[in-house]
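So the structure is just underneath, and the comments pick up after that.
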Protein chains: 2
Amino acid sequence: MLPVLGQLVRFLRQIDSPDNPSPVSLAVLRRLDRDGPARVTDLARLERASQPGMTQLVGRMEKAGLVRRAPDPADGRGVLVEVTGEGRDVITRTHARYEATLDELFDTLDETDRAAIVAALPALERLARAATDRQA
Amino acid sequence: MLPVLGQLVRFLRQIDSPDNPSPVSLAVLRRLDRDGPARVTDLARLERASQPGMTQLVGRMEKAGLVRRAPDPADGRGVLVEVTGEGRDVITRTHARYEATLDELFDTLDETDRAAIVAALPALERLARAATDRQA
DNA sequence: TATTGTTATACTCTATAACTATA
DNA sequence: TATAGTTATAGAGTATAACAATA
């Protein structure tokens, strides 16, 4: 199972594009889009990155216009990171690109295989959630 | 489907360990173990890396004792890269670690979900192969 | 000339340690 | 003192360009 997943994801990652966000960057964007603004410390913890690493990533993303920083009104030490419209566009474009490639591969399979994968998706999603929860 | 795969694999990658080979490094080790010695150029092509990148990766792996280099008797320009016993040990340990973690997650699912995933594995494997073939 | 591999160089990403500002 | 964030610095990983050796 493991080599299967590894092959798939390394392939997806190699889909080149002008604005190819790193996996962590995309994960941060998706999280901000889904859950709203978050502090650097929380992003670092949730994405299993160091706090300085997250500061730097957020810095690069801000420079690229994907997020913006604002002081946390509730805590003078804190910073709230928020996704921008351009950040949301990147999420949309990246997902569209990946989905298109996946669909293309998917179409090379026969009906039986496609049905088996579709039937397993909810279970795989729960497996992924178990993995995520285990981290926290 | 994509976020599911992304979550799973990023999680697996975060399993920390004293000797955590990079994904490409592990892929090279597995290939050498499965198919025998290979030239740098072929490894670069097969793993979608640049030739200098593969030279450097093989250099690091050789330094770590995972592979050895030997002149290609059939071509004075070529170098044959071969996995060592220690390299095979790393494959075994890494897979064991990953499989153990996957099993642990797997056990949190109910019987229906587990069956669905098991049933989809051959299809997922063909999907991964389609991805790999598309590269070549 | 073409191919194999390496070296030179640079850039991205990430980490640990040291520091600043606020609680 | 503890926490939030940043800066300083270093290392892994990978790329393109230039080079050396062999076909």
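Each chain gets a letter, A, B and so on, in the order the sequences are listed, and its residues count up from 1.
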Under 3.5 Å donor-acceptor, Ser25(A) side chain and Pro21(A) backbone: no

Stepwise salt bridge (charged side-chain N to carboxylate O under 4.0 Å, His left out) test for Arg30(B) and Asp33(B): CA-CA 5 Å; Arg30(B) 291 184 66 236; Asp33(B) 187 38; over 6 Å; no

Single-linkage hydrophobic cluster, 4.5 Å side-chain cutoff, Leu80(A) and Val28(A) together: no

Any Arg69(A) side-chain N or O less than 4.0 Å from OP1/OP2 of dT6(D): yes

SB check Arg31(B) Glu47(B) (cutoff 4.0 Å): yes

Segment of DNA chain C, first to last nucleotide, that comes within the 4.0 Å heavy-atom reach of chain A: dC13(C) to dA23(C)

Close side-chain approach of Leu109(A) and Ile117(A), heavy atoms under 4.5 Å: yes

Reading 5' to 3' through nucleotides 13-23 of chain D, protein heavy-atom contacts under 4.0 Å coded B for base, S for sugar-phosphate only, - for none: SBBBB----BS

Side chain proximity check, Lys63(A) to Arg60(A), heavy atoms < 4.5 angstrom: no

Touch class at under 4.0 angstrom, heavy-atom based, for Thr55(A) against every strand present: base

Under 3.5 Å donor-acceptor, Thr108(A) side chain and Glu104(A) backbone: no

Salt bridge (charged side-chain N to carboxylate O under 4.0 Å, His left out) pairs, two or more places apart, involving residues 106-118 of chain A: Glu111(A)-Arg114(A), Asp113(A)-Arg126(B)

